[in-house]
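As a basis for the values below, the full set of heavy atoms in this structure was taken, side chains included, without hydrogen atoms, waters or symmetry mates. For the single chain, residues carry numbers from 1 onward in sequence order. All values reported here derive from a predicted model rather than from experimental measurement.
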Amino acid sequence: MQCSAYAASASSEKTWTMRATFPEYVVALATIVGSVLFSIFGGVGIACLPLGLIFSFIRRPKAVITRSQYIKEATELSKKAKELKKAADALHQEERSGSKGRKWRKNVKSVEKELLLLEEDVKALEEMYPQGEKAETAWALTIIGYLANLILGVLGLIVSVAWVAHIIIYLLIDPPLSAFLNEIFIKLDDIWGLFGTAAFAFFCFYLLIAVIAGAMMLGLRLVFITIHPMKWGATLMNSFLFNVGLILLCSISVIQFCATAFGYYAQATAAQEIFGHTLQSLRGIKYLYKYNVFQIAFVVFAGLTFVYYAAFGWKKRKPSGRFQLST
């Protein structure tokens, strides 16, 4: 109260205009592009990532099927594979003739989607009818794998709920109701210096995993998003490059998001200075962060995805009929 500015009138308030450096402006533009992708894919992924693991446990095979059932299911899958092979050959002929229009790209996306679903069906059939000398061991490992999915899904759901609750409590409500996760990180630091830092890093890394999960989930359901699945031992190079590029593009946005969400914990740091003060003061850009546009979009997409999974995620996917190319 001894400061002369404390008793100054509102008319004496001044706004200083400073020129931002070129690296800061490049980071700001990259952050906006990444934030658009992050708010969509991250919002969808933070809900579908844990719920997908939990519902995979609910939809798990309950018992081993008989040999006759296995032969029947395998015959249907072989017919499906032949249909996809025929469709892929037809698309390859169209590509050679140079007729790569909108219809061709739509059909390629449909074939990729059906192929991915076919691979999942083959994997599920192999799980329900393990073969070989170690069939019992394979079935036991399958059950353990689904139990692990349940445990990881429950833990992930706790983290996702904590993230969404923290965004609402600390960012969207003005003034904040509580520092929430910031206080937890500070208390962990009091126990041991690296506990809080490790928890901070885990919550940041979880957002990147959610982005990949959200891109995969939307790729299966939207025509204009390409499918790039990441599978152990079966990931194509273009899928590696796509997901790496997506992670790199969203990494800056995740840093900005975490610097804002954990502003109390990350105060007086370089990240807070760049993403907390400079970025939110740039002319024309600051309004996106002043009114929490990306945070609101993130929460909205997370809520819609949660409702979708709660309504349809627990249901088993019905087998598709005969596959035909769009004409």
Side-chain angles (χ1 to χ4, degrees), residues 45 48-92 107-157 209 212-213 215-221 226-243 309 312-325:
C48 75
L49 178 61
L51 293 179
L53 293 173
I54 293 174
F55 287 132
S56 69
F57 173 80
I58 297 176
R59 299 190 301 264
R60 74 191 187 281
K62 303 298 191 299
V64 177
I65 61 176
T66 62
R67 181 176 177 80
S68 60
Q69 289 176 316
Y70 172 79
I71 294 175
K72 179 182 177 181
E73 295 293 335
T75 303
E76 293 296 326
L77 292 179
S78 66
K79 292 179 181 179
K80 188 75 172 182
K82 291 178 181 178
E83 293 174 1
L84 292 178
K85 178 66 166 57
K86 184 179 179 181
D89 291 338
L91 291 174
H92 190 55
N107 285 329
V108 169
K109 173 65 186 298
S110 299
V111 171
E112 289 178 347
K113 177 181 176 180
E114 291 295 328
L115 179 60
L116 183 62
L117 296 177
L118 177 63
E119 291 175 350
E120 291 180 356
D121 290 338
V122 171
K123 181 182 177 182
L125 183 60
E126 292 175 348
E127 289 178 347
M128 289 187 292
Y129 190 75
Q131 303 180 59
E133 298 178 355
K134 299 181 179 179
E136 295 182 358
T137 303
W139 176 251
L141 292 176
T142 299
I143 298 302
I144 293 174
Y146 280 107
L147 289 174
N149 284 349
L150 177 63
I151 295 173
L152 292 176
V154 172
L155 294 176
L157 184 61
I209 300 177
I212 300 300
M216 182 62 190
M217 189 261 192
L218 291 178
L220 287 173
R221 289 161 176 81
T226 308
I227 304 174
H228 289 282
M230 298 282 283
K231 295 183 178 181
W232 185 267
T235 303
L236 299 177
M237 183 55 67
N238 63 333
S239 297
F240 265 123
L241 294 176
F242 174 85
N243 288 288
Y309 262 82
F312 306 105
W314 55 272
K315 298 179 180 179
K316 288 188 176 182
R317 179 173 54 85
K318 295 181 179 180
S320 57
R322 182 180 176 84
F323 178 77
Q324 291 182 344
L325 294 176

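The nearest pair of heavy atoms linking Ala213 to Cys48 is O-SG, 3.8 Å. Closest approach of Glu114 and Leu84 over heavy atoms only: CB-CD2, 3.6 Å.
Rounding to the nearest 0.5 angstrom, the gap separating the CD atom in Glu73 from the CE atom in Met128 is 6.0 Å. Interatomic distance, NZ of Lys82 versus NZ of Lys79, reported as 9.0 Å (0.5 Å rounding). Atom OG of Ser110 sits about 9.5 Å away from atom CD of Glu112, to the nearest 0.5 Å. Atom-to-atom distance recorded for Tyr129:OH and Ile71:CD1 is 7.5 Å, nearest 0.5 angstrom.
Looking only at side-chain heavy atoms (C-beta outward), Ile65 and Leu125 come within less than 4.5 Å of each other. The shortest side-chain heavy-atom distance between Thr75 and Lys72 does not fall under the 4.5 Å cut-off.
Shown are Leu117, Leu115, Val122; of these, the side chain to side chain contact (heavy atoms under 4.5 Å, CB included) with Glu119 is made only by Leu115.
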Under 3.5 Å, side-chain donor or acceptor atoms of residues 134-157 against the rest of the protein: list the pairs with distances, not counting sequence neighbours.
from: Thr142; atom 1: OG1; to: Ala138; atom 2: O; distance (Å): 2.9
from: Tyr146; atom 1: OH; to: Glu127; atom 2: OE1; distance (Å): 2.7
from: Asn149; atom 1: ND2; to: Ser56; atom 2: OG; distance (Å): 3.4

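A donor-acceptor contact under 3.5 angstrom links the side chains of Gln131 and Tyr70, judged on distance only.
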